[in-house]
Amino acid sequence: MSTHYYTTPIYYVNDKPHIGHAYTSLATDVLARWKRLAGHEVFFLTGTDEHGQKVEKAAQDAGMDPQAFTDQVSQSFRDLAVTMGFSNDDFIRTTEPRHKAACQALWTELASRGEIYLGAYEGWYAVRDEAFYGPDELTERDGVKYAPSGAPVAWVKEPSYFFRLGKWLPELLRRYDLPEGHPERIDIAPESRRNEVKSFIQQGLKDFAETPQKLDLSISRTSFTWGVKVPGDEAHVMYVWLDALTNYITAAGYPDVSAERWKFWPADVHFVGKDIVRFHTIYWPAFLLAAGLPHARRVFAHGWWTNEGQKISKSLGNVIDPLALVEEYGLDPVRYFLLREVPFGQDGDFSKGALARRLNGELADALGNLANRTLSLIQRNCGGVLPAEAARTEADAALFASVDALVAGVEAQLDQQAFHLALETVMSAVREANGYITVQAPWALKKTDLERMNVVLRHLHTAMRAYATVLQPFMPTTMAAMLDQLGVPADQRDFASLATPVPAGTALPPPAPLFRKFEAA
Ligand code: MSP
């Protein structure tokens, strides 16, 4: 048994939850559930990012006090976690006292190590991104300058504390390239993101070789107040990304490193979207190294969804509401589709046509039918009682080749966050079983070879138990129902229990359909 710590980004509360939020957390949830079923101790964290100018402005626009506003929106992210079936062990809010204490402790530690100094900041700032941009990154339209993200920027000039980021950049580069498994390695995946981060730093080091302090990071603001106060200088609030990133150690008990939770740090994987990779792979490990703390082992960046081929945006009015999707298709089919359709790490398109095709073809036709056919035959031809195990013949070998390798095969994919390949591994095993049932034709064996019919049905049952067991992290409710139909006791649903067969003679309940079909749009 080992410990595993997985995190989602903490979500901005300037807006209500959408598909992007549900997606990052869903992937994290599946890995967390998997590791629990594998017998490990897991800490899965999500939460909300509630400070900064952007949230302050959203509260103003809503005519609300920022705390009341964040209380309200934060709750909608908690509700999303319930609706989506997320199994997070904690939900952190950056406005909580425990978090403010952690931020201030980290700041004090950095200051005491000489990693922070007071200066003045001048530059282009985008409130929407809560980020600074260089002049060469900007474009101008109608007299307004825009960041590459499309956010408008404004010139700000104010006193500011700086973090000595520049001096840590060479060390970060060294760590990105350490061999896999090296304790100091910062693992960035997919590979393309790692290269992107590396060349970004290399370019910076080249451009500012003469003036390395230009690579330092402004980490406080005096132009607004909605944030964590800088210890000893309350005119300043902390830069929202320093505040936000700290959440990952707050929840592990920081600054109390004797806390029970601290055993989980460093995190195994920070799940993030591709837009926030730099914050997690440059700023965050640099803050931690500077404070003498270990950094996370791995950062995985997923891609972005478009909706029926179009960029998702509020102005286009095509934001996908995860709650509406779940209402229409059911939770588990939505969970399945999101992780199955698009290789995790790449951009992908959401369309109702693709959704219906996936669900009909793989869940209703392949998996659902297999279960229904097998379990109906056991009801009809075996009196609803599970037949005994029997030796595997050569004809059974192919079926079991995929079944026996299933847990290890899926786990290897999940350890790479290759959710789509993990599901492909299970689906190819299910296709194998559908081939097996067609060739063995247990319905015909009833008249010709009753003994073989029993053996075939038993083998199919054993195979389906394995499929349902490994699919639990993806579709918890439906797979619980499938395991009920297969007569698998509730305490025998982890991976280790696959070695313990369901006893022959177990009475199985009458089967009911697990999945429904949808009109292809
Ligand atoms: N608050 C910061 C994260 C701080 S973490 C210390 C933040 N919040 S966010 O609410 O704007 O975004 C959260 C996540 O949603 C990001 O990982 C982002 O990539 C993801 N998505 C937003 N739109 C998306 C899509 N259209 N598709 C997939 N994910 C997208 O950033």
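One is the number of the first residue; the rest follow in order along the sequence. Each ligand, and each atom within it, is numbered from 1 in the order the structure gives.
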S.K.: Less than 6.0 angstrom separating the ring centers of Phe419 and His302, yes or no?
M.R.: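 Here the rings of His302 and Phe419 have centres that are no less than 6.0 Å from each other.
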
S.K.: Asp49 heavy atoms, cut-off 4.0 Å: which ligand 1 atoms fall inside?
M.R.: 1 (N), 2 (C), 4 (C)

S.K.: Against Asn307, only a single residue in Asn318, Ile19, Leu316 fulfils side-chain contact (heavy atoms from CB on, under 4.5 Å); can you say which?
M.R.: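 Answer to the side-chain contact (heavy atoms from CB on, under 4.5 Å) test with Asn307 among Asn318, Ile19, Leu316: Asn318.
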
S.K.: Quick check, are the ring centers of Phe350 and Phe337 under 6.0 angstrom apart?
M.R.: yes

S.K.: Aromatic ring centroids of Phe344 and Phe300 under 6.0 Å?
M.R.: yes

S.K.: Should Tyr248 be listed as contacting ligand 1, given a heavy-atom distance under 4.0 Å as the test?
M.R.: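 Tyr248: in contact with ligand 1 (<4.0 Å).
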
S.K.: In terms of relative ring orientation, are Trp265 and Tyr5 parallel, tilted or perpendicular, with 30° and 60° separating the classes?
M.R.: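 It falls in the perpendicular class, over 60°.
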
S.K.: Could you tell me the residue and atom name of the protein heavy atom closest to atom 23 (N) of ligand 1, and the distance to it rounded to 0.1 Å?
M.R.: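 I find the closest protein heavy atom is His18 CE1, 3.2 Å.
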
S.K.: So if I count the atoms of ligand 1 from 1 in the order they appear, which ones are less than 4.0 Å from some heavy atom of Pro9?
M.R.: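 This gives 3 (C), 5 (S), 17 (O) as the contact atoms.
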
S.K.: For the aromatic rings, using the six-membered ring if either is Trp, is the centroid distance between Tyr6 and Phe44 under 6.0 Å?
M.R.: no

S.K.: Kindly confirm or rule out an N or O of Asp275 lying under 3.5 angstrom from an N or O of ligand 1.
M.R.: yes

S.K.: Is there a polar contact, in the sense of an N or O pair closer than 3.5 Å, between Tyr12 and ligand 1?
M.R.: yes

S.K.: Please compare Gly20, Ser25, Gly47 and report which has the shortest non-hydrogen distance to atom 21 (N) of ligand 1.
M.R.: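 Looking at heavy atoms only, Gly20 sits closest to atom 21 (N) of ligand 1.
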
S.K.: Show which atoms of ligand 1 fall inside a sub-4.0 Å distance from at least one heavy-atom site of Gly303.
M.R.: 28 (C)

S.K.: What class does the angle between the rings of Phe279 and Trp241 fall in, given that below 30° is parallel, 30 to 60° is tilted and above 60° is perpendicular?
M.R.: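 The arrangement is parallel - the two ring planes meet at less than 30°.
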
S.K.: Can you find an N or O of His21 that's nearer than 3.5 Å to an N or O of ligand 1?
M.R.: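 Looking only at distances, the answer is yes, because the N/O contact criterion of under 3.5 Å is met.
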
S.K.: Given side chains that start at C-beta, do those of Thr478 and Leu331 come closer than 4.5 Å, heavy atoms only?
M.R.: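 SC-SC contact between Thr478 and Leu331 ruled out.
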
S.K.: Starting from atom 3 (C) of ligand 1, find the nearest protein heavy-atom neighbour and note its residue, name and distance.
M.R.: Ile10 O, 3.2 Å

S.K.: Under 3.5 Å between some N or O of ligand 1 and some N or O of His280?
M.R.: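 In fact, backbone or side chain, His280 has no N or O that close.
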
S.K.: Out of Trp305, Tyr11, Phe271, Phe77, who is nearest to atom 26 (N) of ligand 1 when you count heavy atoms only?
M.R.: Trp305

S.K.: Does any non-hydrogen side-chain atom of Arg193 lie less than 4.5 Å from one of Lys274?
M.R.: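 Yes, close enough: below the 4.5 Å cut-off.
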
S.K.: List ligand 1 atoms under 4.0 Å from His302, heavy atoms only on the residue side.
M.R.: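 Listed by number with element, the hits are 28 (C), 29 (N).
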
S.K.: Relative to each other, are the rings of Phe287 and Trp284 parallel, tilted or perpendicular (30° and 60° limits)?
M.R.: perpendicular

S.K.: Nearest heavy atom to atom 17 (O) of ligand 1 wins, so pick from Gly273, Ala301, Ala244.
M.R.: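 Ranked by closest heavy atom to atom 17 (O) of ligand 1, first place is Gly273.
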
S.K.: With respect to Trp241, determine whether any N or O atom, backbone or side chain, lies less than 3.5 Å from an N or O atom of ligand 1.
M.R.: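 It does not: no N or O of Trp241 is found under 3.5 Å from an N or O of ligand 1.
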
